[in-house]
Amino acid sequence: MQQSNEAQFEAIHHVDGPMMVLAGPGAGKTFVITNRVAHLITEAKVPPEEILVVTFSRAAANEMKERFDILTDHRCRGVRFGTFHSVFFEILKKAYHYEAKDIVTEGLKFRLIAEALNDTGFEVEDKQEFLESLEKEISRVKGDGIDVENYYSASCPEQVFRDIFNGYTQRLIRHRALDFDDMVVYTYELLTKRNDIKKSWQERFKYILIDEFQDINRLQYENIRMLAEPENNIFIVGDDDQSIYGFRGARPDIMLSFPEQYPEAKTVKLRINYRCSTPILKAAGMLIDHNSKRYKKEIEAADNDKSHLFGKTRDDMDAQSQLPPSGCHIKYYTDLSSEAEGICEQISSYMVSGVEPGRMAVLFRTNNQMRMIAGKLMDRGIPFRMKEAIPNIFKSFIAKDLIAYLQMACGDDSRETFLQIMNRPLRYISRKALDKPEIDFRDIRDYYMRQKQHWMIERIQNFEKDIASLRKMTPLTAIHYIRKQIGYEDFLKDRAAERGVKPDDWFETLEEIEESATGMTSIREWLEYVENYEEELKKLRDENRDDEVEGVELMTMHGAKGLEFMFVFIPTLNEGVSPYRKATLPAEIEEERRMLYVARDL
């Protein structure tokens, strides 16, 4: 067995009863879990079949099993390593005879949600984006065991959400299908109602170990608590400061309440960090100390001279080149473009110094931020990989509206383009006024003259003047004019109020589209850029499809959790981005700090 420090030793040698292990980034939690399982089998003589190790992803479960097999030289077969969903599905499979084919696919899930939405008659501007928001909220309701009648949606009016939720649920039942959240819900219902089934699984798994406990939601926790009864040999490993999946129902409160649920539980703090240098740990500690809902911890570096555990250490690299000292370095830029240039320049410099691109990462608060840096890396020929897909912002309804305005300014008089924006903002122009494939403002005015609706004439004239004014502007000025002067922002506010939602996301999209026009001299230049953008995204996806190709990693802070790199860049640490503008409540601000804490500790 590899040598352990004092705290690790205590956790590894714990046998009976509940224990909580507080393990910060790089503290060796996988080492502790695998070695404790080995200790239970070899020293405490626990049969391997009675041990359950649970984590959140299949990859993590497989890695844990591989490390355990290597540790025990493949001599301790029978330990169950799995995800929450795989364990719960195994329980449901035996009780209800479910099969893998009964698990709803992502495609079918979204189709069923879309059908439920259509039944309500509720109109949305961007259907795909709306469906994605709905899917997250439905998952949250199920994972937290919330009665849908008491849930207040952030995506649409409450009754609309309830109708969609119930419609989706009924469709799943008709298909005899279940989604991943149903696995948790149905297991909870089964264990609560069938004591005989619960008892059989309690006898099967006498010792339960949970990795990344801070990511657990309420019903997952309740299921595990029932399985662990009556001996309560439950061993949890995690870090409340790394709880960053609030949108899935994970909250640090669950880990904070563990000692209350189990007053007899022992607590061990893994204080030694084997990944980061002292300056990084100090900066991360100063950040997270501002959170009030957390366990206080004093983390220290295992070796102040080496900031990362790679095949080549920083010391080895420094012997060959001039790299900056370990720690946090802050740089200020005047705009996003110069920031992206600065990061790419630094990456290029490190590569010249011998740093392999795969040891560097750029972490973003949202995947929308990746576009500019990905493009500049591609221009420089620097290899990179993206974990998350970059959405095409120009496919949004807002972009389509702005594009239509600017296309009209460039002479597009098609009926289709005019229809896109004639009532955005509302001008009360009727389709009946458009009787030709091409639009002529004089024909529209004549129509309203014949209808004797003279109040419409001024509206048509103002619309025509606005289009004429746009022709003389740069794209940046034109988009700003549409937002403010023409009244498109007010239109979005009214639209959001009608639907009972906040317009913040729409305004963010507006800002980003306007930012894309910076530096362009003509509207046609911007329209051409928009037209070519989808092809650029496709090129980015194609070039980064091969997982075998090593490159600078571009990913969100959520996607980076659990990884480690030699150099990490975190762009745009500005109010509104990080912390994210949607974070307004104290609990949301604390999660934003935890997210940055995770990013800084890579």
| request: Tell me yes or no: between the side chains of E222 and Q220, is some donor less than 3.5 Å from an acceptor? | output: no
Sequence neighbours excluded, the answer for side-chain contact (heavy atoms from CB on, under 4.5 Å) partners of E339 is Y333, L336, I343, P571, T572
Separation between CG (N232) and CZ (R225), nearest 0.5 Å, reads 7.5 Å
(Q) Looking only at the side chains, is there a donor atom on one of Y245 and N217 sitting less than 3.5 Å from an acceptor on the other? (A) no
(Q) Looking only at the side chains, is there a donor atom on one of S155 and E137 sitting less than 3.5 Å from an acceptor on the other? (A) yes
- Would the number of heavy atoms belonging to other residues, nucleotides or ligands and lying under 6.0 Å from NZ of K293 be above 12? no
> Y580 ring centre to R365 NZ or CZ under 6.0 Å, with the angle to the axis within 45°?
Replying inline: yes
E115 and R111: salt bridge (Lys or Arg N to Asp or Glu O under 4.0 Å), yes or no, with the steps? CA-CA 6 Å; E115 288 175 5; R111 195 187 90 200; 3.4 Å; yes
Margin query: Heavy-atom count check: over 12 atoms from other residues, nucleotides or ligands less than 6.0 Å from Q261 CD?
Written below: yes
inquiry  = Within a 6.0 Å radius of atom CD on Q453, are there more than 12 heavy atoms belonging to other residues, nucleotides or ligands?
reply    = yes
Do the non-hydrogen side-chain atoms of M20 and Y262 ever get within less than 4.5 Å of each other?
no
- Task: Answer yes or no: are there more than 12 heavy-atom neighbours, outside R58 itself, under 6.0 Å from its atom CZ?
- Result: no
query = Does the T83 side chain pair with the main chain of S86, one donor and one acceptor, at a distance under 3.5 Å?
reply = yes
Return yes if a side-chain donor-acceptor contact under 3.5 Å exists between E590 and S292, otherwise no. yes
- [ ] State, yes or no, whether a side-chain contact exists between Q214 and R251 at a heavy-atom distance under 4.5 Å.
- [x] no
For the residue pair F122 and F130, categorise the inter-ring angle as parallel (less than 30°), tilted (30 to 60°) or perpendicular (more than 60°). tilted
Query raised in the report: Do the side chains of D335 and T518 get nearer than 4.5 Å, heavy atoms only?
Result: no
### Query
What orientation do Y151 and F161 show, parallel under 30°, tilted 30 to 60°, or perpendicular over 60°?
tilted
Q.
Whether the side chain of D215 engages the backbone of S243 through a donor-acceptor N/O pair (distance < 3.5 Å, no angle test) should be reported.
A. no
* Asked: Any side-chain heavy atom of I33 within less than 4.5 Å of one from T55?
  -> no
So the ring-ring contact (aromatic ring centres under 6.0 Å, His included) pairs with at least one residue in residues 170-189 (sequence neighbours excluded) are H85-F180
Item to check | Pairwise side-chain contact, R171 with D119, heavy-atom cut-off 4.5 Å (strictly under) | outcome: yes
If you count heavy atoms of other groups shown closer than 6.0 angstrom to CZ of R176, is the number above 12? yes
Note: Q242 and R594 closest approach over all heavy atoms is N-CD, 4.4 Å
- Flag, side chain of S133 to backbone of E129, donor-acceptor distance under 3.5 Å: yes
Are D163 and Q159 linked by a side-chain donor-acceptor pair shorter than 3.5 Å?
yes
Quiz item: Under 4.5 Å between any side-chain heavy atoms of V124 and F397, yes or no?
Solution: no
Check whether any side-chain heavy atom of K297 lies under 4.5 Å from a side-chain heavy atom of R294, and answer yes or no. yes
- Message: Pairing donors with acceptors under 3.5 angstrom, does anything connect the side chains of S139 and D181?
- Response: yes
I'd like to know if E90 pairs up with K93 as an ion pair, taking the criterion as any Lys NZ or Arg NE/NH1/NH2 lying under 4.0 Å from an Asp or Glu carboxylate oxygen. no
- For the residue pair D412 and T417, confirm or rule out a side-chain donor-acceptor distance under 3.5 Å. yes
Interatomic distance, CD1@I210 vs CD1@I236, rounded to 0.5 Å, equals 7.0 Å
Rounded to the nearest 0.5 Å, the CG atom of L426 sits from the CZ atom of R459 at a distance of 7.5 Å
Separation between CD1 (I421) and CD1 (I429), nearest 0.5 Å, reads 9.0 Å
Q.
Is it true that D401 and Q420 share a donor-acceptor pair across their side chains at a distance under 3.5 Å?
A. yes
Quick check: are there more than 12 heavy atoms from other residues, nucleotides or ligands sitting under 6.0 Å from NZ of K296?
yes
Of all heavy-atom pairs linking Y152 and R162, the shortest is CE2-NH2, 4.1 Å
With sequence neighbours left out, the residues meeting side-chain contact (heavy atoms from CB on, under 4.5 Å) with I173 are T169
According to the interplanar angle, ranging from 0 to 90°, do the rings of Y221 and F213 count as parallel (below 30°), tilted (30 to 60°) or perpendicular (above 60°)? perpendicular
Point to revise | Within the 6.0 Å centroid threshold, strictly below: F418 and F463 | key: yes
Pair W506, S396: side-chain N/O donor-acceptor within cut-off below 3.5 Å: no
Any side-chain donor-acceptor pair under 3.5 Å between K198 and N223? no
- Query: How about Y488 and F491: are their ring centroids closer than 6.0 Å?
  - Reply: yes
Please check: side-chain N/O of D182 versus main-chain N/O of D179, any donor-acceptor pairing under 3.5 Å? yes
Exercise. Give a yes or no on this: more than 12 heavy atoms of other residues, nucleotides or ligands lie within 6.0 Å of atom CD of E588.
Key: yes
L178 vs L92 side-chain heavy atoms within contact, under 4.5 Å
yes
